[in-house]
Peer 1: 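The structure is given below, and queries will be raised subsequently.
For ligands, and for the atoms within them, numbers begin at 1 and follow the listed sequence. As the structure is a prediction and not an experimental result, all values here were calculated from the model.
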Amino acid sequence: MSSPPSDERHRVTLRCETGPRWLTNALANLDEVLIDHAHCEKKAAANALSLLQAYPDVPGLPAHMARLAREESGHLARVLQLLERRGLALGRDPGDPYAQALRALVRTPAAQRQLDRFLIAAIIEARSCERLALLARGLPDAELRRFYGELARSEDGHQKLFLRLASRMHGPETWPRLEQLLDVEAELIRRLPIRAAIH
Ligand SMILES: [Fe+2]
Ligand SMILES: [Fe+2]
């Protein structure tokens, strides 16, 4: 099993690229995508605080998660502003079948549970990064393109953070589990219907 030589190399490499139909559909239903995106940022902020609550003893984690929750809340506030400008209401979260399917893979024993939570967070951040970058290239509006480019870079930093936490705490066990989860994630991307949503 391969193991990256240094923390700096840590990065999730997705195994299934998002196809062009996702972007076409997203651009045709941008309002729905923006609403879903707001819910994603809300859940990312909530997940950071939930990890802080669950793992206060992991070195560095409380500070990282506090910063992450602040950053994700900042993204949420900016997406909510976009919604307001477009006269859109947030509404209730209809749920995200992709993230739910990944979270269902979290194992029960404490150490495995922690590794899985870090890795699944890293994978969701990596997929979000890929799709926000597609929006950054494909949107007709220059301001929105810049906004999504900035957010894509930020989510890229988050996937690296989660992968670093995973490997620091779980060492070589990290890599085979990451491989397994990446295979499942690729299968989900192929199998789930395309939605007007980030995932
Ligand atoms: Fe975010
Ligand atoms: Fe993020």
Side-chain angles (χ1 to χ4, degrees), residues 7-8 10-14 18 22-23 26 30-55 58 60-85 88 90 93-96 98-103 106 114-139 143-168 178 181-182 185 188-189 195-199:
D7 275 357
E8 296 318 305
H10 290 175
R11 154 182 296 283
V12 172
T13 305
L14 296 170
T18 291
W22 176 81
L23 182 62
L30 188 59
D31 287 354
E32 277 174 71
V33 172
L34 291 174
I35 290 169
D36 176 74
H37 182 195
H39 284 298
C40 288
E41 299 292 358
K42 171 202 69 187
K43 284 177 276 197
N47 188 51
L49 292 180
S50 164
L51 288 168
L52 194 161
Q53 164 78 7
Y55 305 120
V58 170
L61 182 142
H64 279 304
M65 291 302 110
R67 279 197 292 272
L68 181 59
R70 187 174 60 192
E71 204 171 309
E72 304 289 25
S73 300
H75 295 170
L76 170 61
R78 291 168 72 190
V79 182
L80 288 174
Q81 240 171 27
L82 287 177
L83 296 189
E84 202 179 311
R85 269 197 248 153
L88 299 169
L90 178 63
D93 187 351
D96 174 350
Y98 164 84
Q100 283 160 5
L102 286 175
R103 295 225 171 84
V106 172
Q114 185 187 85
L115 174 60
D116 289 353
R117 288 192 72 183
F118 291 160
L119 290 178
I120 287 166
I123 290 172
I124 294 176
E125 293 283 1
R127 183 60 71 185
S128 304
C129 171
E130 184 217 27
R131 294 210 166 160
L132 297 187
L134 288 173
L135 287 174
R137 286 197 293 275
L139 280 161
E143 192 188 333
L144 276 181
R145 276 203 304 274
R146 268 197 304 279
F147 176 64
Y148 275 100
E150 185 194 325
L151 262 58
R153 283 190 294 280
S154 169
E155 309 310 351
D156 187 51
H158 302 164
Q159 60 106 343
K160 290 185 207 156
L161 167 65
F162 280 117
L163 201 49
R164 230 165 31 233
L165 282 169
S167 71
R168 279 186 191 158
L178 177 62
L181 292 173
L182 282 171
E185 197 266 353
L188 280 174
I189 290 293
R195 302 160 67 229
I198 301 299
H199 309 119

Peer 1: Taking the side chain from Trp22 and the backbone from Ala197, do they hold a donor-acceptor pair closer than 3.5 Å?
Peer 2: yes
Peer 1: To the nearest 0.5 Å, how far apart are CG in Leu51 and NE2 in His64?
Peer 2: 12.5 Å
Peer 1: Can a donor-acceptor pair be found, under 3.5 Å and without considering hydrogens, that links the side chain of Arg127 to the backbone of Arg131?
Peer 2: no
Peer 1: Is there a donor-acceptor pair closer than 3.5 Å between any side-chain N or O of Glu155 and the backbone N or O of Ser128?
Peer 2: no
Peer 1: Can you count the protein N, O or S atoms that lie less than 2.8 Å from the Fe ion (ligand 2)?
Peer 2: 5
Peer 1: side-chain contact (heavy atoms from CB on, under 4.5 Å) with Leu88: which residues, sequence neighbours excluded?
Peer 2: Asp31, Ile35, Leu83, Arg86
Peer 1: Can you classify the ring geometry of Tyr55 versus Phe118 as parallel (below 30°), tilted (30 to 60°) or perpendicular (above 60°)?
Peer 2: perpendicular
